[in-house]
Amino acid sequence: MITKQSPGLKLVLFCMLGVSLVMQGYASEGGKNFSRMANSNGETCVDCHYFMESDTINWNPSAMDLASRAQIYAEDGISKYFTSPEGDVMKKAHDGYQISAGDESGIIAYLADLEGTSPSKVKHVKWRLILFAGMFVLLILLRVEKRRIRVLPKTARMLIRPLIWTVILVIALQDAVGFNRSKNYEPVQPIKFSHSIHYTDNKIDCNYCHSGVTKGKNAGIPPVSLCMNCHKHQQEGTRTGFFELRKIVQAAEDSIPIRWVRVHNLPDFTYFNHMQHVTIGGVECATCHGDVENMHTIKQVEDLSMGWCIDCHDITSVDFSNEYYKLYYPAYLDSLQTGKLDSVMVSDIMGRECAVCHY
Ligand code: HEC
Ligand code: HEC
Ligand code: HEC
Ligand code: HEC
Ligand code: HEC
Ligand code: HEC
């Protein structure tokens, strides 16, 4: 603790306070400009560079995306993005802006302030987590009350404690059962890669990128080098401009893999094999992954529970024209040929054995 401050230290502290107030002023002015300055279409910065995660994809860089590059703007300025835009998308978006030097430093200070905040935090408050933690705080308070304060009647204490434990157990159990059941999970990915644009608009086959799918257990996520086959040449996107594709070029140059967020994920103790389903079983990707062809961001549509696997195995018949089955299940083939059975279900051949899916 400082008991006696030297005048020098006071002056330094005073100057620091002054600078920080000026920066605060800049930042708050910049924040106002960010939601006020309009281009020739009447759109303000925040109309395009917005904060919230939304249900439809925002092709423009978000305000947080810009904030992550605040350092670069502090060195190079941002007016060049208005006066000499990098490409057609930016030219159109930033058309008609007049940015003074003051506006510029204000906006940069504002973005620097914003750096490190994340959009999801604005939207979802984790009430369950707060409730869960709150219960433990209550337990502690109850204990303090019992030891030190002693105002509650004994019966109240005896009732409240089990009640708290019940709430804790219910939350814990719900989370344990729901563990890994991430139906509708749709995480934000580090690059706005769209299946709809690549598969549906540009006719790129699933196997081109997920080449493991017909050969083995994992479908696999393509490496940056594969993206570069095309994006070496194509560096400006119709919707995203240079911003997203620059991340690919940058990752390829630095040889840093892109950290895609895994969407579908079975627990470690289960075994699932793509080749078996896609090549041998002839199941379409869409049966398990939904309408990926029209998704801009990937979303898990099934719960991937054990019941889901088994339900399908129970109702799906095995195609015995396939040589694989003829070879491995001669007894079933015989029953089918003599008419003893009309169909053989997947569950029949695997006998619902736990060990096929769990090792
Ligand atoms: C141009 C390359 C490319 C093509 C073509 C492509 N994908 Fe993908 N796919 C990716 C990339 C990159 C990811 C990881 C990023 C993401 O999840 O969006 C991915 C992710 C996925 C995922 C989620 C993986 C996870 O994390 O659980 C599924 C499912 C998927 N693709 C299915 C398909 C299907 C089905 C097709 C064909 C209709 C297809 N993909 C075509 C590149 C491609
Ligand atoms: C029978 C259901 C089913 C079918 C059919 C299916 N998948 Fe999957 N897929 C899954 C499951 C389950 C996972 C999660 C696997 C895990 O976590 O081990 C998964 C995971 C993935 C992944 C993520 C990671 C990886 O490398 O496996 C991709 C990519 C993927 N699938 C693409 C495809 C494509 C492309 C097709 C069609 C050619 C396809 N899947 C067909 C059920 C299926
Ligand atoms: C076989 C060629 C090919 C491959 C491989 C490919 N892309 Fe593309 N990509 C395209 C085409 C074509 C477009 C459409 C350009 C447009 O319309 O703007 C595109 C557009 C994009 C866009 C911008 C969308 C927009 O409209 O602004 C992004 C981002 C993108 N790709 C990411 C990736 C990533 C990440 C990979 C690797 C996993 C990848 N691409 C692999 C051909 C490819
Ligand atoms: C109509 C939508 C739109 C409006 C309005 C808009 N922008 Fe942009 N902005 C974009 C798009 C799209 C890009 C990415 C273009 C590209 O990379 O080719 C971009 C790029 C930028 C970049 C450069 C990102 C980088 O690091 O490469 C900055 C900085 C920026 N905008 C700031 C602003 C500011 C400040 C305003 C308001 C004065 C504003 N923008 C208004 C759409 C918009
Ligand atoms: C949409 C239908 C469908 C779903 C969903 C499905 N499967 Fe299958 N599964 C099949 C078909 C069809 C076969 C037959 C192919 C074969 O015999 O290899 C099969 C075969 C298997 C086999 C090989 C059985 C054997 O002895 O050859 C395993 C293991 C398996 N599935 C595991 C899973 C797991 C784990 C899940 C859930 C994560 C799952 N499956 C979800 C349709 C499905
Ligand atoms: C067709 C594949 C398949 C078969 C057969 C299968 N399981 Fe599972 N099992 C799964 C999958 C997938 C999960 C993961 C479910 C999840 O994450 O919610 C799972 C989860 C479990 C769990 C964890 C609890 C839960 O529901 O999450 C237990 C325990 C379990 N299985 C036991 C068994 C036993 C015992 C058998 C044999 C009677 C069996 N399983 C047969 C696919 C299968």
| request: Measure centre to centre between the rings of His296 and Phe193, then say whether the value is under 6.0 Å. | output: no
To the nearest 0.5 Å, what is the distance between [atom1] ([X]) and [atom2] ([Y])?
| X | Y | atom1 | atom2 | value |
| --- | --- | --- | --- | --- |
| Ile280 | Glu323 | CD1 | CD | 13.0 Å |
| Asn265 | Phe272 | CG | CZ | 13.0 Å |
| His264 | His289 | NE2 | NE2 | 5.0 Å |
| Leu266 | Cys309 | CG | SG | 6.5 Å |
| Ile99 | His94 | CD1 | NE2 | 8.5 Å |
| Gln300 | Asn184 | CD | CG | 8.5 Å |

Note, [X] side chain near [Y] side chain (heavy atom, < 4.5 Å):
| X | Y | value |
| --- | --- | --- |
| Trp165 | Pro162 | no |
| Leu152 | Ile160 | yes |
| Glu86 | Tyr81 | yes |
| Lys247 | Phe242 | no |
| Val263 | Pro187 | yes |

| field | Sequence neighbours excluded - salt bridge (Lys or Arg N to Asp or Glu O under 4.0 Å) pairs with any residue from residues 87-108 | value |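 Residue pairs with at least one partner in residues 87-108: there are none.
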For [X] and [Y], which heavy atoms make the closest approach, and how far apart are they?
| X | Y | value |
| --- | --- | --- |
| Val344 | Phe320 | CB-CE1, 3.8 Å |
| Cys227 | Ile248 | CB-CG2, 3.8 Å |
| Ile108 | Tyr73 | CD1-O, 3.5 Å |
| Phe82 | Pro85 | O-CD, 3.8 Å |
| Glu302 | Thr287 | OE2-O, 4.0 Å |
| Phe51 | Leu114 | CE2-CD2, 3.6 Å |

Would you say that more than 12 heavy atoms from the other residues, nucleotides or ligands in this model lie under 6.0 Å from the [atom1] of [X], or not?
| X | atom1 | result |
| --- | --- | --- |
| Asn202 | CG | yes |
| Glu115 | CD | yes |
| Lys326 | NZ | yes |
| Arg246 | CZ | yes |
| Arg143 | CZ | no |
| Asp268 | CG | no |

| Going by an N to O cut-off under 4.0 Å, is there a salt bridge joining Asp47 and Arg36? | no
| task | State plainly whether the residues Arg157 and Glu145 are in salt-bridge range, i.e. N to O under 4.0 Å. | result | yes
Throw together a table of side-chain donor-acceptor distances under 3.5 angstrom for residues 253-261, partners on residues two or more places apart or in other chains.
none

| field | Audit row: Tyr271, His358, side-chain contact (heavy atoms from CB on, under 4.5 Å) steps and yes/no | value | CA-CA 6 Å; Tyr271 178 80; His358 299 293; over 6 Å; no
Are [X] and [Y] close enough that a side-chain donor and a side-chain acceptor fall under 3.5 Å?
| X | Y | value |
| --- | --- | --- |
| Thr200 | Glu293 | no |
| Asp348 | Tyr329 | no |
| Asp334 | Tyr332 | no |
| Asp291 | Asn294 | yes |
| Asn58 | Asn60 | yes |

